[in-house]
Amino acid sequence: MPDHVSDRLDPARLQEILDGPWAKVRNAHREHLDERFLPVYGETGDQARERITRLLTELPVELGIASGFPTEYGGNSDVGGSIVATEMLAQVDLSLMVKAGVQWGLFGGAVAALGTRRHHDAYLRDIIAGTIFGCFAMTETGHGSDVQQLRTTCTYDPRTQTFDLHTPHEAARKDYIGNAARDGRMAVVFAQLITDGQQHGVHAWLVPIRDDRGNPLPGVTIGDAGPKAGLLGVDNGRLSFDHVRVPREMLLDRYGQVAEDGTYSSPIENDSRRFFTMLGTLVRGRVSVGGAAAAATKSALAIAVRYGDIRRQFGTPDSDREVLLNDYLAHQRKLLPALATTYALHFAQAELVAALHDVQGSDGPVDEHRQRELESRAAGLKAAQTWHATRTIQTCREACGGAGYLAENRLPSLKADTDVFTTFEGDNTVLLQLVAKGLLTGYRDEFGSLDGWGRASFVAEQVREMVLERTAARSVIERLIGAVPGRDEEVAVTDRGWQLKVFEDREKHLLDGAVRRLRNGAATKKDRPFDIFNDVQDHVLTVAAAHIDRVTLEAFVAAIEDTADPAVQALLSRVCDLYALSVIEANKGWLLEHGRLTPARSKAITAVVNGLLKELRPHLRTLVDGFAIPDAWLHSAMLREEPHRQDAMAAHDAAGDSHAAPA
Ligand SMILES: Cc1cc2nc3c(=O)[nH]c(=O)nc-3n(C[C@H](O)[C@H](O)[C@H](O)COP(=O)(O)OP(=O)(O)OC[C@H]3O[C@@H](n4cnc5c(N)ncnc54)[C@H](O)[C@@H]3O)c2cc1C
């Protein structure tokens, strides 16, 4: 592989790699979604809702947003395509993407995944066509992250063969629910199933909430969640049920059935396991949100990089032109590592989408292990991508100065609309705990309780096996790591094997430490299971973050290995260096504390990173152009206006010079 990037590259060659197997879906969106679909700045909430609802009905479904549904109902069983379509919509308008995500991803997805043939036959076609708008009503005012503790009840009455859906108090009210305040006609409602006086855990029902004219049905109270920080075009609302009668067949009964006489049966005996299996089938939502956050991050970076290439500030003594923002090292420090991380996460997301497509797209028996791995990866990458979006979009806003704060330049809405991505589809902190639990125990049966955390001896046995598991290019990564000489000083910090080893060692060390601390806790705090875990919670979250860093780097390495174009490979390899070294730089404190880095090497890394910034500066624009975001989609006035301002200023200065010359 060439180790130096020289010539400028045609961004189309990068695009080919980035677009990946669903390039067709991406291109169809680029071609068909014109100005009509772009955000309108300065709208009121009502105007935004009105517009987004209209656009949702005008959105050509054949572009791919509903392609994950079975072919017989109007989809084309293309799970990966539907996720990529969501990413593309996110680059156009985030309210439109979220509203579409609620309709086809959450609502339609829940009917498809949790329902059975009779639900599919009766509803899927209308859901796909958008003739039934629906909601996914899980969260309650009192319980968001811990959804096993939902308080809404749905009690079966064999005499009427109906369920009684009831909100017992205000904390059990369904809250924040997308599509509820205005448009939803039906909702998938999650509640505790009770039959024969016995509770069987959380299940889901398909419940009509409004009549044809849009009025709430008897017993259903609908409210508006009120003004929000962003996503103005999405009608989030509240739902309460006052003893609403729900026919028996409206229970989405793939994982739990109630017979006419009230007998409960399920293929999964354990309530907790059943619940997490049900949630696992809904993993697509999480994968979509991570991908959408990444798409918005790419838009922000494209805007900031393009602005930095036309905006000048301060002069130098040796030139009569002022300096372009992108030529400042500090500016490169802001944008390039963020861009490198965006590339790394892009490849990790691409790998995740491919895995999801394989696992959920096949009709064969579910491979439990792959499904668990998928859920953990989806949780971790959703957290990593949404946090990265929040940080990077803020950085891009600052990188554009005051102009970045004006609505007409797009960045404020990108910031406001993606903010909540760190919270919905699972709060990021809670998701990282899921990742950590997966790493520590290797099984998910006891996710609902803290008991599993106390089983430290079992945990210790599982650890080594789990941590070495890799999906991407296992043999390549092992070869690269295997080739690293024993002594650190003998190897360059740009050696890929060394970088991989640092990531792997850090994860292993953190995991070993967490297990040790859990084991000590289990010995000394036997009667306080909560404290066993809580006292190491920060440590455990760091393990999960380190795991995601490693998985991300491995996906990047695998993608480079798969790239046939040598020039693209060379450029990506430098970007990968920057990603790996930025993570190492950010964790210098820990690496120094734990003797994984000498002070001399630690200083060298800063110098190498600065060298990489210089080397990549000429490729900055190419790197964002590789995302192939249509110019119109960036929808940022300053990108159109700044070149004219610069020309006018240059012309004015030139005229001033000619006046000044005779003097
Ligand atoms: C705009 C928007 C749209 C939404 N759309 C929908 C929808 O359509 N359908 C739906 O069902 N829901 C929806 N939600 C709800 C969303 O999924 C929840 O808000 C989310 O799951 C978090 O729950 P919560 O708000 O109760 O926060 P909480 O669970 O109360 O969390 C608050 C804080 O406590 C921390 N925390 C919680 N538990 C732990 C723990 N064990 N350890 C450490 N820290 C912890 C979290 O990290 C977080 O910082 C939406 C929310 C919003 C804001």
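As a basis for the values below, the full set of heavy atoms in this structure was taken, side chains included, without hydrogen atoms, waters or symmetry mates. Both ligands and their constituent atoms are indexed starting at 1 by order of listing.
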Is it the case that over 12 heavy atoms from other parts of the model lie below 6.0 angstrom from the CD atom of Glu170?
no
Taking a 3.5 Å cut-off between nitrogen or oxygen atoms, can you list every pair linking ligand 1 to the protein, with distances?
unit_1: ligand 1; atom_1: 5 (N); unit_2: Tyr176; atom_2: O; d: 3.1
unit_1: ligand 1; atom_1: 8 (O); unit_2: Gly178; atom_2: N; d: 3.0
unit_1: ligand 1; atom_1: 9 (N); unit_2: Phe136; atom_2: O; d: 2.8
unit_1: ligand 1; atom_1: 11 (O); unit_2: Phe136; atom_2: O; d: 3.4
unit_1: ligand 1; atom_1: 11 (O); unit_2: Met138; atom_2: N; d: 3.0
unit_1: ligand 1; atom_1: 11 (O); unit_2: Thr139; atom_2: N; d: 2.8
unit_1: ligand 1; atom_1: 11 (O); unit_2: Thr139; atom_2: OG1; d: 3.2
unit_1: ligand 1; atom_1: 12 (N); unit_2: Thr139; atom_2: OG1; d: 2.7
unit_1: ligand 1; atom_1: 26 (O); unit_2: Gly144; atom_2: N; d: 3.3
unit_1: ligand 1; atom_1: 29 (O); unit_2: Ser145; atom_2: N; d: 3.2
unit_1: ligand 1; atom_1: 29 (O); unit_2: Ser145; atom_2: OG; d: 2.5
unit_1: ligand 1; atom_1: 42 (N); unit_2: Gln433; atom_2: NE2; d: 3.1
unit_1: ligand 1; atom_1: 42 (N); unit_2: Gln537; atom_2: NE2; d: 2.9
unit_1: ligand 1; atom_1: 47 (O); unit_2: Asp427; atom_2: OD1; d: 3.3
unit_1: ligand 1; atom_1: 47 (O); unit_2: Asp427; atom_2: OD2; d: 2.5

Least distance between heavy atoms, Thr153 atom then Ala191 atom
C-CB, 4.1 Å
Centroid separation under 6.0 Å, is that true for the rings of Phe530 and Phe533?
no
Less than 6.0 Å separating the ring centroids of Trp633 and His29?
no
Passing candidate, ring pair (Phe, Tyr, Trp, His ring centres under 6.0 Å) with Phe136, options Trp104, Phe190, Tyr176
Phe190
Quick one: do Tyr41 and His635 satisfy ring-ring contact (aromatic ring centres under 6.0 Å, His included)? Show the steps, please.
CA-CA 10 Å; Tyr41 304 131; His635 203 31; 4.8 Å; yes
